[in-house]
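Here is how names work: the chains are called A, B, and so on, in the same order as the sequence lines, proteins then strands, and each is numbered from 1.
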Number of protein chains: 2
Amino acid sequence: MSKDVTVDQMLSAFEAAGMRTTRPRRAMAEQLVAWGAKEKEFSSEDLWHAVQEKAPWVGRATAYRTVQLLQDLGFLDRVTFADGTERYHVVAAGHEHHHHLTCEMCHRIVPVEACIAPAAFEAMAQQSGFAISGHRLEIFGRCPDCQDDAHSC
Amino acid sequence: MSKDVTVDQMLSAFEAAGMRTTRPRRAMAEQLVAWGAKEKEFSSEDLWHAVQEKAPWVGRATAYRTVQLLQDLGFLDRVTFADGTERYHVVAAGHEHHHHLTCEMCHRIVPVEACIAPAAFEAMAQQSGFAISGHRLEIFGRCPDCQDDAHSC
DNA sequence: GCTGCTCTTGACACTAGGTATCATTTCGTG
DNA sequence: CACGAAATGATACCTAGTGTCAAGAGCAGC
């Protein structure tokens, strides 16, 4: 059972990394916690707009910078959709390595555990001589709600 | 042993799809064949610039449109690199479903066969109720030549 | 509580990469 | 060769994001 992250956890992580706990960072953390890890997906621009309602003094550049930091700190996950757009979602605490199954219609996100077998990575490292450092797997489809809709045009 | 594609093959594919074999399309096909499938990677912009040297009358929009078409026709493969940039490369004829292992330093591309087991796809379709329509897998690392370089800063 | 140093911010100009529009050109069929 | 549709090139525009920098605000030490 994965728990949602708290504002304090995010701010503590900033401190732990030697960064300051500023007002914009707090405002953005609050918005993220309000959204929670409920499969909610958003772009940096979305988050900026949402934060603006309660903290209109937050600048766009700051919003983008903070999203980047939160991703580095492991609180946000970047997800690629079938249409090529990139968005983020809040990582539920304790979620280990996983990938995403996304709906190409409504952008719903479902985390999945499936991944390449470690043996396969080793095999390709051997064959190619590469030092493998990471990978991304994105799976696309239509969620149950969107399969009925004939919005295929 | 996979063979490189020819200009005629590309132009025939356009015709077969009910499209015309125009001068810009020919010019771009020629540039692509000149590059070949030799792990060469390029952006639409790169291709446009290259084509301009021999056919300066080709417009930017046309270059982008043609790259899109060639991708739809299966002659080009879109590859995502570790830094998030998207580029293309020429698909060698007869290459079936595959993914790419890319060098995060020099952008070298190695095709790999490894993929998720079909059973895993079925399992996640069952669990989630999604109708799965596609996926992308990108693997990042450093090629043998770039492992020595201490360009880590 | 005040000082001062540094990190961070907000404003804004700018860029990369790509798309929409539309009058003009050019295929290729008849 | 003439014609209609498809394709083009020029251009304006767009999205998503980055670089710059003077001004502001945390936080440590006093």
Face-on cation placement of B:Arg25 at B:Phe14 ring, 6.0 Å and 45° thresholds: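 Relative to the ring axis of B:Phe14, which defines the angle, B:Arg25 lies inside both limits.
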
For residues 69-82 of chain B, run the donor-acceptor check on the side chains, cut-off 3.5 Å, and write out each pair with its distance to 0.1 Å, sequence neighbours left out.
{"from": "B:Asp72", "atom 1": "OD1", "to": "B:Gln68", "atom 2": "NE2", "distance (Å)": "3.3"}
{"from": "B:Asp77", "atom 1": "OD2", "to": "B:His98", "atom 2": "NE2", "distance (Å)": "3.3"}
{"from": "B:Asp77", "atom 1": "OD2", "to": "B:His100", "atom 2": "NE2", "distance (Å)": "3.2"}
{"from": "B:Arg78", "atom 1": "NH2", "to": "B:Tyr88", "atom 2": "OH", "distance (Å)": "3.3"}
{"from": "B:Thr80", "atom 1": "OG1", "to": "B:Glu86", "atom 2": "OE1", "distance (Å)": "3.2"}
{"from": "B:Thr80", "atom 1": "OG1", "to": "B:Glu86", "atom 2": "OE2", "distance (Å)": "3.3"}
{"from": "B:Thr80", "atom 1": "OG1", "to": "B:Arg136", "atom 2": "NH2", "distance (Å)": "2.6"}

Provide a list of protein-nucleic acid N or O atom pairs under 3.5 angstrom, restricted to nucleotides 26-29 of chain D.
{"from": "D:dG26", "atom 1": "N2", "to": "A:Arg20", "atom 2": "NH2", "distance (Å)": "3.1"}
{"from": "D:dC27", "atom 1": "OP1", "to": "A:Thr21", "atom 2": "N", "distance (Å)": "3.2"}
{"from": "D:dC27", "atom 1": "OP1", "to": "A:Thr21", "atom 2": "OG1", "distance (Å)": "3.2"}

Donor-acceptor pair, A:Gln9 side chain versus A:Thr6 backbone, under 3.5 Å?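 Here the side-chain-to-backbone pair exists.
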
Indicate yes or no: at least one non-hydrogen side-chain atom of A:Pro144 is less than 4.5 angstrom from one of A:Arg108.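 Side chain of A:Pro144 against side chain of A:Arg108, heavy atoms only: contact under 4.5 Å found.
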
Side chain proximity check, B:Phe140 to B:Cys103, heavy atoms < 4.5 angstrom: no

Does a side-chain N or O of B:Arg25 approach OP1 or OP2 of D:dT8 to a distance below 4.0 Å, or not? yes

List in chain and number order the residues that pass side chain to side chain contact (heavy atoms under 4.5 Å, CB included) with B:Arg60, two or more places apart in sequence or in another chain; answer none if no residue qualifies. B:Glu45, B:Trp48, B:Tyr64

Side chain to side chain contact (heavy atoms under 4.5 Å, CB included) partners of A:Cys115, counting only residues at least two apart: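 Scan of A:Cys115 (side chain to side chain contact (heavy atoms under 4.5 Å, CB included), adjacent residues dropped) gives A:His97, A:His99, A:His135.
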
With the threshold set at under 4.0 Å for non-hydrogen atoms, list the residues of residues 66-88 of chain B touching DNA chain C in residue-number order.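 Going residue by residue through residues 66-88 of chain B, none turns out to have a heavy atom under 4.0 Å of DNA chain C.
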
Do you know the tightest heavy-atom contact between B:Ala114 and B:Leu137?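 It is O-CD2, 3.9 Å.
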
Taking all non-hydrogen atoms of both residues, which atom of B:Pro24 and which atom of B:Thr62 are closest, and how far apart? CB-CG2, 3.8 Å

Quick one: does B:Arg60 reach the base of D:dG9 with a side-chain donor-acceptor pair under 3.5 Å? no

Angle of first-five versus last-five pair axes in the helix from C:dG1-D:dC30 to C:dG30-D:dC1, to 10 degrees: 30°

Spacing between B:Phe14 atom CZ and D:dA5 atom P, to the nearest angstrom: 22 Å

If we count only N and O atoms by modelled type, under 3.5 Å, do the side chains of B:Thr102 and B:Glu138 hold a donor and an acceptor together?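 No.
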
Side chain of B:Val58 only, heavy atoms from C-beta on: which candidate in C:dT9, D:dG19, D:dG9 is closest? D:dG9

Counting heavy atoms from C-beta on, name the nucleotide in C:dT19, D:dG17, D:dG9 closest to the side chain of B:Tyr64. C:dT19

